[in-house]
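Data block below; observations after.
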Amino acid sequence: MNKLHILSNRLPFNANKSGDDFQLTPSVGGLATGMKSIYKKYNGNWIGWPGIAEEDLKGDDRHKIDKALARENCVSVHLTMQDVQLFYEGFSNNTIWPLFHYFNEFVEYDQETWDAYVEVNQKFANAALDVLGEGDTIWVHDYQLLLVPQMIKEKRPDVTIGFFLHIPFPSYEVFRILPWRNELIKGMLGADLLGFHTYDYERHFFSTVRRLLGLEINFNKIHCEDRIILADAFPMGIDYDKFMNASINVKHKLLQEKSELQLELEKYFLISPNRKLILSIDRLDYTKGIPNRLKAFSIFLEKYPEYQGRVSLVMLAVPSRGNVDQYKKLKEQVDGLVGYINGKFGKVNYTPIWYFYRSMPFENLIELYNASDVALITPVRDGMNLVAKEYVASRVNKTGVVILSEMAGVSKEMGEAININPNNFNEIADSIHQALEMPIDEQRSRMSTMQERIKRYDVFKWAAEFVKSLEKVEGIQQQFNTKKITSSIQKLIVGDYSDTKKRAIFLDYDGTLSGFKANPQDAFPDDEVLDIVKKLTADDKNEVTIISGRDRETLEKWFKGYDVNLIVEHGVWTRVRGGKWKMLQQINADWKENIRPALESFVDRTPGAFIEEKNYSLVWHYRKAEPEQGVLRANELKDELTNLIANHNLEIMEGNKVIEVKSGGINKGAAAMRFLGNKDFEFILAIGDDWTDEYMFRELPEMAVTVKVGMVNTAAKFKVESVEAVRKLLKSLAEKR
Ligand code: GDG
């Protein structure tokens, strides 16, 4: 790998004016820590916004910031206040954030913020394009920059692009609500590797890609026109050693070194060693389930009164997005609940909730992790939740219990926590009781298992695994591209063609000469196809054959007056240049009556599916069915048909969104070979897109130029990515005489 660059909304430093110059203060948080280790190692740049709006930059401030950042290998994207307001606070935080966290009622649909999102994504993409060298790799982060991968890919297809989403990817039913859903999903698909925290987000993404764009997905590979795109789950980790070591330090501090918070915490336990502390830390965000937590804590105190006076909840709520209405309302609600609970259960020497509405230095955070017996983490939706991992990493003596919402991505990795539904207040109240009563041995056993796991898959491992997959995807793409017809290969093919005088050209129709339509009858040849066929057939050195699974009537009608040979129904019938139809071998179709009921029952159960009847085959089409159900039913149908056709001379063929049952022994390979007979062709070209064409690719003589449409595994010698590419190739042949 050449250089690896990082692109995120914010840089890992905040630029602050200090006198005449700018000082950089490192930003904390998982992303900054994990990425720092990576981008320096690979010699790359970190591109992002330094946190100061352009309007606040006077004179040559911009130059000064850029210079200071350049010393840290950072490159700034300068944003105006309006950019920040419309792109960040607007579309990112008022549209994508609530929607992806299933808060549909908070989602704003605003054309102006969308326009700004597109414009600012382009600013980020341009900044990246200025930096990217030949063969470099870039890792783009998070929901603010969903369009950037495509914007970069369009200009620089040689660059490998990774994208990681730090928040959940919602179910298709939620994602589809967005008016700009296609743009966003296509933006993401500019990447070569897409990473999510959990498999659930990954599968929601796959189902969205399948349903919105109809792309094929094989295991975790998306077949996108000319590229393979990989998606995978990479659960983000933390800098485990940093938390553990900081925590050990807290324990060894001398009295005079201790912080005010630490002294207060020690005093709390000094009054009675029986006292317990429960901790929660989050940004004050409606996704974090803070009101639910408070209500559940209140129920707990009510239900288990013996704990009143000896259990307090320390709640650190970090101010966040304070200008947004929803956040203001949440703040009021939380303030109210805290006041209510403290008023109801508080005593002169007992405060049920210690509420901090601010951020704290890292040292204080560690002290809180250290002193608390229970971590109460109750988000209603959370991409991962690093606080849960940080609490575990800070538990030096391996005691402590985590109560964890099953709606947080991290719950997938923490089976040893007490998992709760954040909307079930009674369950949370009981789980607080269970946590407080948990025997020390059990706490240690659960905690050590979680520690081992979180230590092993830390943030460095996470980043390294992602980068490893980025390297792997390059290999996979190269493998799929090895057979791709490049312009130099095309030149060779055209050269061979023009050097020869007796040529056979076999062209499949659907998916090869013409794209698919929901209704097969609508896929008639357009002017471009007819023109290509006309030009190719005008050359008397050519024998052009349309070789298709379609029926006689359709192709005869579509190519009436054209000097082509037709092989139809996969080779049952042949018609040489306007002559009479001939059946290549005697076959019967009596079997249809036995097979049709099975297909009909699958039509009844699969909305959108239908049966096409040909003379010697029955075809079950599912292109118009809901994609996932279609695939599911197709598999079931294949299974059922396999049993039904046993002991009959029948074959099941799987085409593009079709399952076809036909009389055995007939296929395009045999038909093409029979057509060639012992005529000495000097040049043979065969192009096709699906399974049925593979017979041709395998059986034609070694010298044949066989071409698969689609970047998938094939027996053909070459591949092209699309119908357009087929037409381009054929046009370049037609021009030669
Ligand atoms: C997003 C996703 C996903 C908090 N208060 C203070 C402070 N923090 C630090 C914590 C932790 C980080 O902030 C919060 O991370 P989370 O993961 O809990 O949540 P989000 O900010 O919502 O992050 C989330 C994450 O991205 C990573 O992909 O896990 O699901 O929403 O590191 O320690 N740090 C300091 N003082 C504080 O007062 N110093």
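For ligands, and for the atoms within them, numbers begin at 1 and follow the listed sequence. Sequence positions, counted from 1, serve as the residue numbers for this chain.
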From the candidates [options], the one that places a heavy atom nearest [atom]:
atom: atom 28 (O) of ligand 1; options: H101, H166, R358, R381; answer: H166
atom: atom 16 (P) of ligand 1; options: I167, L386, V410; answer: L386
atom: atom 19 (O) of ligand 1; options: K288, R283, M360, K389; answer: K288

Run the side chain to side chain donor-acceptor pair (under 3.5 Å) test on R381 and Y102 for me, step by step, so that the C-alpha distance in whole Å, both residues' side-chain angles and the decisive distance to 0.1 Å come before the verdict. CA-CA 8 Å; R381 276 302 151 178; Y102 295 79; 4.5 Å; no

For the CG atom of N364 and the CG atom of N370, what is their distance to the nearest 0.5 Å?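 Spacing of CG (N364) from CG (N370) equals 12.0 Å.
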
Check this for me - ligand 1, [X], N or O atoms closer than 3.5 angstrom, yes or no?
X: W97; result: no
X: G383; result: yes
X: H197; result: yes

Ligand-side contact atoms (ligand 1) for residue partner [X], heavy atom cut-off under 4.0 Å:
X: V318; answer: 5 (N), 6 (C), 38 (O)
X: M236; answer: 27 (C), 28 (O)
X: M384; answer: 3 (C), 24 (C), 29 (O), 30 (O)
X: V387; answer: 18 (O)
X: S359; answer: 38 (O)
X: L316; answer: 38 (O)

Answer yes or no for F356: is there a heavy-atom contact with ligand 1 below 4.0 Å?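 No, that is not the case, since the closest heavy atom of the residue is not under 4.0 Å from the ligand.
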
Does I281 have a heavy atom less than 4.0 Å from any atom of ligand 1?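 It does; at least one heavy atom falls under 4.0 Å.
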
Qualifying residue for side-chain contact (heavy atoms from CB on, under 4.5 Å) with F169, from H204, R203, H197: H204

Is the gap between the ring centers of Y42 and H5 under 6.0 Å?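 No - the distance between ring centres of Y42 and H5 does not fall below the 6.0 Å cut-off.
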
Can you name the one residue among F205, Y143, F206 that meets ring-ring contact (aromatic ring centres under 6.0 Å, His included) with F196? F205

Is NZ or CZ of K412 both nearer than 6.0 Å to the six-membered ring centre of Y199 and within 45° of the ring axis?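 The answer is no; the distance or angle limit is not met.
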
When you measure from the centre of the six-membered ring of F87, is the NZ or CZ of K123 closer than 6.0 Å and no more than 45° off the axis?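 That pair does not qualify as a cation-pi contact.
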
Sequence neighbours excluded, the answer for salt bridge (Lys or Arg N to Asp or Glu O under 4.0 Å) partners of K253 is E363

Check each heavy atom of F243 against ligand 1 and say whether those closer than 4.0 Å belong to the side chain, the backbone, both or neither.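 Under 4.0 Å from ligand 1, F243 contributes no heavy atoms.
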
Under the criterion salt bridge (charged side-chain N to carboxylate O under 4.0 Å, His left out), I'd like the reasoning laid out for K17 against D56: C-alpha separation, chi angles, the key distance, then a yes or no. CA-CA 10 Å; K17 190 135 199 183; D56 293 333; over 6 Å; no

Cut-off 3.5 Å, no hydrogens considered: what does the side-chain donor-acceptor table look like for residues 289-298, sequence neighbours left out?
unit_1, atom_1, unit_2, atom_2, d
N292, ND2, P422, O, 2.8
N292, ND2, N423, OD1, 3.4
R293, NE, T378, OG1, 2.9
R293, NH1, S280, OG, 2.8
R293, NH1, D282, OD1, 3.1
R293, NH2, D282, OD2, 2.9
R293, NH2, K288, O, 3.1
R293, NH2, T378, OG1, 3.3

